[in-house]
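Below is one structure, written out as C-alpha cells, with a few remarks after it.
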Amino acid sequence: DVVMTQSPLSLPVTLGQPASISCRSSQSLVDSAGNTYLNWYQQRPGQSPRRLIYKVSIRDSGVPDRFSGSGSGTDFTLKISRVEAEDVGIYYCMQGTHWPGTFGQGTKVEIK
Amino acid sequence: QLQLQESGPGLVKPSETLSLTCAVSGGSISSGYYYWGWVRQSPGKGLEWIGSVSYSGTTYYIPSIKSRLSISADTSKNQFSLSLSSVTAADTAVYYCVRDSGHFSIDYWGQGALVTVSS
C-alpha cells in the first residue's frame, strides 16, 4: 500500500497567520492518464471528516478560499492563508491513485 | 443534500459479528457512478478505508480483513450494510459510512458509529 506521511503532526498557529501542512507519498500519485488523485480532509473536534480539496488543488463547494492545495508527484501541500478559530481540527491527506486509498496520519492544527 | 446515517450495536463481543447499516437520504444509491463504502477510525491506526460496493454491485475489500468482511447494498431500502465477523479488540473503532465519487474521493460522510469490541 502507498504510505502517506504528513508533517508536522502538530501545528500551533496564531490567529490570522498562515499555516502549511506537508504530505508525501511513498510513490508517485500520477496515474497513467496523467491524473493525480490527492485529497485533503478536515476533521473538526467531534465531527466527521469533510473533504476540502480533491485532485490536488480543486476546492469543494463552500470551502473558504483561504484553503489551497498544491503539489505534484509525491509532494503535496495544504495551505491556510490566514488561520481562523474555526480551522482548529485535524487535517488528513488521502491518495486515491493506487488501490486501496490510504490516508496520512493527520496533522492537528491548534491555536497558540 | 445527501445524508448518510449509520445504525447498529455499539458493543460487540469478541469472536462475534459486527453489523452496521447505512441509510441514505437525499439521493439514490442506485443512481450515478458512485461507490458506497466504510471508513473506520481507531486511535491506533487513524483513518482506514476498509471496503465498498460499487454502483454495479461489485465489492472491494481491504486485503487484511477481506476474509471477515462483507458489504452489500439494498437498493429497495436505499441503504448499504457492513458485516465484519470474528471481531477482536483491534476492530474497535468509529465506523463511518461514506460515498466515494471515484478514486477514493470521499465527498459525503455519515456521522460515525462507535463500535466497541469487549466481553
Side-chain angles (χ1 to χ4, degrees), chain A residues 1-7 9-10 21 23 25 28-63 69 76 89-108, chain B residues 1-7 20 22-24 26-27 33-54 58-66 69 71 82 93-115:
Chain A
D1 295 359
V2 175
V3 177
M4 304 298 289
T5 303
Q6 292 183 228
S7 62
L9 298 184
S10 178
I21 300 170
C23 175
S25 56
S28 174
L29 300 186
V30 183
D31 73 0
S32 57
N35 296 307
T36 303
Y37 297 99
L38 185 284
N39 310 310
W40 288 96
Y41 296 91
Q42 174 196 60
Q43 187 173 30
R44 290 172 170 154
Q47 295 186 13
S48 305
R50 159 203 181 195
R51 193 179 67 184
L52 296 176
I53 286 170
Y54 60 99
K55 291 186 75 174
V56 181
S57 60
I58 303 173
R59 264 193 313 275
D60 268 275
S61 174
V63 174
F76 303 91
I90 304 175
Y91 291 78
Y92 298 91
C93 60
M94 182 190 189
Q95 70 82 21
T97 299
H98 302 283
W99 194 95
T102 47
F103 291 90
Q105 325 95 299
T107 294
K108 187 174 185 178
Chain B
Q1 176 77 347
L2 192 74
Q3 292 188 329
L4 289 73
Q5 178 69 59
E6 305 90 349
S7 62
L20 293 172
C22 181
V24 179
Y33 298 99
Y34 300 111
Y35 299 77
W36 304 91
W38 297 88
V39 172
R40 66 182 181 181
Q41 185 171 33
S42 58
K45 293 194 72 175
L47 287 166
E48 180 181 40
W49 176 90
I50 61 172
S52 65
V53 56
S54 76
T58 304
T59 52
Y60 304 87
Y61 304 133
I62 194 168
S64 60
I65 59 173
K66 182 178 180 178
L69 181 62
I71 296 174
L82 169 152
V94 175
Y95 286 77
Y96 295 99
C97 60
V98 300
R99 188 183 83 168
D100 171 1
S101 56
H103 291 281
F104 298 94
S105 191
I106 298 169
D107 54 0
Y108 287 94
W109 299 68
Q111 67 179 35
L114 173 61
V115 179

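A note on names: the letters A, B, ... follow the listed sequences, proteins ahead of strands, and every chain is numbered from 1.
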### Query
Atom CZ of B/Phe104 and atom CH2 of A/Trp99: how far apart are they, to the nearest 0.5 Å?
6.5 Å
### Task
Between chain A and each of B/His103, B/Gln41, B/Gln111, count heavy-atom pairs under 4.5 Å; write down the option with the most.
B/His103
## Note on the structure
Cut-off 4.5 Å, heavy atoms of chain A, and the answer for B/Val39 is side chain
### Message
For a quick test of reading the model, state the closest non-hydrogen atom pair linking B/Ile106 to A/Phe103 and the distance between them.
### Response
CD1-CZ, 4.3 Å
### Message
Suppose a student defines contact as a heavy atom less than 4.5 Å from any heavy atom of chain B. Which residues in residues 37-47 of chain A would they list?
### Response
A/Tyr37, A/Asn39, A/Tyr41, A/Gln43, A/Gln47
#### Entry: Results of ring-ring contact (aromatic ring centres under 6.0 Å, His included) for A/Phe76 - residues two or more places apart only
none
#### Entry: Any residue meeting salt bridge (charged side-chain N to carboxylate O under 4.0 Å, His left out) with B/Asp100, in chain and number order, not counting sequence neighbours
none
#### Entry: Closest heavy-atom pair and its distance - B/Trp49, A/Gly101
CB-O, 4.1 Å
### Query
Heavy-atom distance under 4.5 Å between the side chains of B/Tyr96 and A/Pro49, does that happen here?
yes
### Message
How long is the straight-line distance from OG of A/Ser48 back to CG of B/Leu4, given to the nearest 0.5 Å?
### Response
10.0 Å
### Task
Could you tell me which residues satisfy side-chain hydrogen bond (donor to acceptor under 3.5 Å, both in side chains) with B/Ser105, sequence neighbours excluded, listed by chain and number?
A/Arg51
